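Written below as structure tokens is the structure these notes are about.
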Amino acid sequence: MRRLWWLLLPIAAGCSAPVETVAVKSVPAAQAAYQAPAPAPEVAQTPPMPIAPMPETTQLAAAVEQYSPDEMPAMANEAVEAVLDEITELRKEMASLRHELSGQIEDLVSELREENQALRQELTRLSALASSSKEAGSAVPVPDVKKREEPVAGEVEPAEEPVVPALPEPKGPSRPFVFTSVKEWGRSPQEAARMTPKAASLAGVVGTVPRGSGEKDLVALGLELHKKYEDHDNVHIEVFDDADAAKQYAERSVADDAHRVLSVSKHAASGRDAVLIYREGLPLDVTSGTPKPVDGKPE
């Protein structure tokens, strides 16, 4: 019972306490006490987009941040030394390239000089060859004839046919007929057309065949070479049955008639165009396919 009393005592005390009255303010006071809402904050303008630093700048800044102010001079010296080393290497490479280029230019100039000298020598040789060919073409070779007794007075001596000696048969076993070129020179019609002023095309050949080659093989070879270079203005081909004779003609334009067996000659300005084979040094015209002396009479 005593416990119940102690529980009810606080409740009774609360009920008997005076009620706090709340004063009601007047309308003007309420309006004065009313606080207007705060104005809305202004919307801040969007700042411009920052420009991202270049990778190199970022890397440099990051590298600089790794060093203290005391270490900066040492780092700057290392950077300067690295740049100086790179410049030194570049100078060495430039010097090497300059030296190599100078050597190549010297080699090129030397080759051009040699080629120019060779062309001058070839021009001189061709000029001499043209002069000798012109002189040789003006004189018609006449075969040797045995001396005859004095004709009887009043007797008309008949004209003699040129004697063409028979080609001796080759001794020993025959070798296969093969034409070997020893030297070639000249310029094609296309090359001649590109020259200023326009020049005549030229085909020059010096070659060899086996010693004792037959006439049919020589005639066939001559007509084949004539057909091969028919589009050239000038053609000069000499064939020998001896390698030394061919080399002598290729180097000094000196023909050994004892070993010359075939010639193909064409000159557009004079109209000369002939294929000749030789019997013991005497020429036979085989341009038509049938051997005949150079005076035009059939064999």
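Computed from a prediction, not measured in an experiment: that's the story for all the values here.
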For Glu184 and Ser181: C-alpha separation, side-chain torsions, deciding distance, then whether side-chain hydrogen bond (donor to acceptor under 3.5 Å, both in side chains) applies. CA-CA 7 Å; Glu184 297 184 8; Ser181 175; 3.0 Å; yes
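When side chains are defined from C-beta on, Val83 counts as touching Ile87, because their heavy atoms get closer than 4.5 Å. Considering only heavy atoms from C-beta on, Val219 comes within 4.5 Å of Ile277 through its side chain. Residues Ile237 and Val239 have side chains in contact (heavy-atom distance under 4.5 Å, counting atoms from C-beta outward).
Judged by distance alone, the side chain of Ser213 and the main-chain N or O of Val209 form no donor-acceptor pair under 3.5 Å. Looking at Asp231, its side chain never comes within 3.5 Å of a backbone N or O of Pro189 through a donor-acceptor pair. Between the side chain of Glu191 and the main chain of Ser188, a donor-acceptor pair closer than 3.5 Å is present.
The shortest heavy-atom contact between His232 and Lys266 is O-NZ, 2.9 Å. Summarising the geometry of Val206 relative to Ala246, their closest heavy-atom pair is CG1-O, 3.5 Å, with the distance given to 0.1 Å. Here the closest heavy-atom approach between residue Lys183 and residue Ala250 is recorded as NZ-O, 3.2 Å.
Of the candidates Asp244, Asp242, Asp241, His259 forms a side-chain hydrogen bond (donor to acceptor under 3.5 Å, both in side chains) with just one, namely Asp241.
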Please table the atom pairs, donor to acceptor, closer than 3.5 Å between any side-chain atom in residues 284-291 and protein atoms at least two apart or in another chain.
unit_1: Asp285; atom_1: OD1; unit_2: Thr287; atom_2: N; d: 2.9
unit_1: Asp285; atom_1: OD1; unit_2: Thr287; atom_2: OG1; d: 2.6
unit_1: Thr287; atom_1: OG1; unit_2: Val275; atom_2: N; d: 2.9

Would you mind writing out the side-chain donor-acceptor pairs for residues 193-205 within the sub-3.5 Å range, not counting sequence neighbours?
unit_1: Ser201; atom_1: OG; unit_2: Asp233; atom_2: N; d: 2.7
unit_1: Ser201; atom_1: OG; unit_2: Asp233; atom_2: OD2; d: 3.3

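Atom CE of Met94 sits about 11.5 Å away from atom CG of Leu101, to the nearest 0.5 Å. Distance check: Leu218 CG to Leu276 CG gives 12.0 Å after rounding to the nearest 0.5 Å. Atom-to-atom distance recorded for His226:NE2 and Leu221:CG is 13.0 Å, nearest 0.5 angstrom. How far CG of Asp257 is from OH of Tyr278: 7.5 Å, rounded to the nearest 0.5 Å. Taken to the nearest 0.5 Å, the CZ atom of Phe179 stands 5.5 Å off from the CG atom of Leu225. In this structure, the separation between NZ on Lys247 and CZ on Arg252 is 9.5 Å, given to the nearest 0.5 Å.
Ring planes of His236 and Trp185: tilted class, angle from 30 to 60°.
Following chains of ILVMFWY side-chain contacts shorter than 4.5 Å, one cannot reach Val254 starting from Leu126, and the two form parts of different hydrophobic clusters.
By the 4.0 Å N-to-carboxylate-O rule, Arg279 lies close enough to Glu215 to be salt-bridged with it. Using a 4.0 Å cut-off between a side-chain N of Lys or Arg and a carboxylate O of Asp or Glu, Lys227 and Glu230 qualify as a salt bridge.
In this model, no donor atom of one side chain and acceptor atom of the other lie less than 3.5 Å apart for Ser96 and Glu93.
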